[in-house]
Number of protein chains: 2
Amino acid sequence: MDATDAKILKVLQRDGRLTNQELSAEVGLSPSPCLRRVRNLEAAGIITGYTALVDQKLCGFPVTGFVRIRLANHSDETVRGFEARIAEIEHVLDCYLMAGGEDYQMKVIARSLDDYEQLVRKTIQKIPGIASIETSFAYGVVKHARGLPVSAEMRP
Amino acid sequence: MDATDAKILKVLQRDGRLTNQELSAEVGLSPSPCLRRVRNLEAAGIITGYTALVDQKLCGFPVTGFVRIRLANHSDETVRGFEARIAEIEHVLDCYLMAGGEDYQMKVIARSLDDYEQLVRKTIQKIPGIASIETSFAYGVVKHARGLPVSAEMRP
DNA sequence: TCATCTATTGGCAGATTCTGCCAAAATGCA
DNA sequence: TGCATTTTGGCAGAATCTGCCAATAGATGA
């Protein structure tokens, strides 16, 4: 992982469909070592995949909300069951296990406020073992970075 | 926007570097109409770009936190200044304007807890107009979807 | 300083893919 | 049904990919 790798990551986060030739030109290499570096980054698990970015509103999901959940207990069964159910709900875009208290926070999208309410009350609320739910809406997006600020040196 | 477009979006969210031939095979088209549909989705702004997904931990950012901020007032100057500063901080991955109260919520990454504290206290805290800051750490990631559940019909 | 060894690079070439163009097929409408 | 419009499939020249090999750069130790 050197400065060239970092530059490759930066460029590929900006445009993940660049041609290997274009990429190699941007990072100052010839195509074949450039391709090898990309393959190495993929094999090392640093690049985990590529994806098309899709406009959330244009796809009919104008509503974004955050849901915070506290479980009634943290037995293995409750936790596993909860996390498995969350993983299945495709309107839940991500979910974090929060430190300090047995709390989850997840980002949820919906086609309307009604749908959002339905989703929370009829799907999420019904998962066993939930002690409490808090919900908050996003009014708008101020910033949405499309990648990490990767650099060559990485202190553990 | 029909079922074929939806399938294209679904497949490209799963693997944004598929060859046009592979993509066309997966969606059941021949390459040339498939490419034209992709170009149309790009031109319509539905596909906003492509990106490489990078492993956050392997890149040296094991810490994820959420920061909630309340502004002291919502004059244009304060709001613009705040949002402009946030946009510059590359450790702030995203930031939402929350409904109900003048609140922002942002996701922040750091190389360590120390760095996180430094970032919050020395960079974010210093932005003018902040009334209060609340912070919470993520202990781990339960789910991280790589795309929206796009479908053909989209109710407004 | 120099010799040696290792890792990385650049160029080459056959195979694959891209992509603009045109005719054919499918679809929608009256 | 018949017409107009949209979408599709195939073709072909141009561009790109990618495995292989020799050459280069950088590090190591005497």
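Quick note on labels: first sequence line is chain A, next is B, and so on, each numbered from 1. Because the structure is predicted, anything quoted here is derived from the model rather than measured.
For residues 103-127 of chain B, the ring-ring contact (aromatic ring centres under 6.0 Å, His included) pairs, not counting sequence neighbours, are B:Phe82-B:Tyr104, B:Tyr116-B:Phe137.
For B:Thr51, there are no side-chain hydrogen bond (donor to acceptor under 3.5 Å, both in side chains) partners, not counting sequence neighbours. Under the rule for a salt bridge (Lys or Arg N to Asp or Glu O under 4.0 Å), A:Asp94 has no partner lying at least two apart in sequence or in another chain. B:Thr78 meets the side-chain hydrogen bond (donor to acceptor under 3.5 Å, both in side chains) test with B:Asn73, B:Ser75; sequence neighbours excluded.
Note that the two end axes of the helix from C:dT1-D:dA30 to C:dA30-D:dT1 enclose an angle of 50°, each drawn from 5 base pairs, rounded to 10 degrees.
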Footprint string (nucleotides 8-19 of chain D, 5' to 3'): B base within contact, S backbone only, - free, heavy atoms under 4.0 Å: BBB-----SSBB

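Atom P of nucleotide C:dT19 and atom CG of B:Asn40 are separated by 14 Å, given to the nearest angstrom.
Under the 6.0 Å distance and 45° angle rule, A:Arg17 does not count as a cation-pi partner of A:Tyr50.
Annotation for B:Cys59 and A:Val150: closest pair SG-CG2, 4.1 Å, computed over non-hydrogen atoms.
The closest donor-acceptor contact from the side chain of A:Lys143 to the backbone of B:Cys95 lies at 3.5 Å or more, if one exists at all.
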Stepwise side-chain contact (heavy atoms from CB on, under 4.5 Å) test for B:Gln105 and A:Phe66: CA-CA 10 Å; B:Gln105 172 172 313; A:Phe66 293 89; 3.3 Å; yes

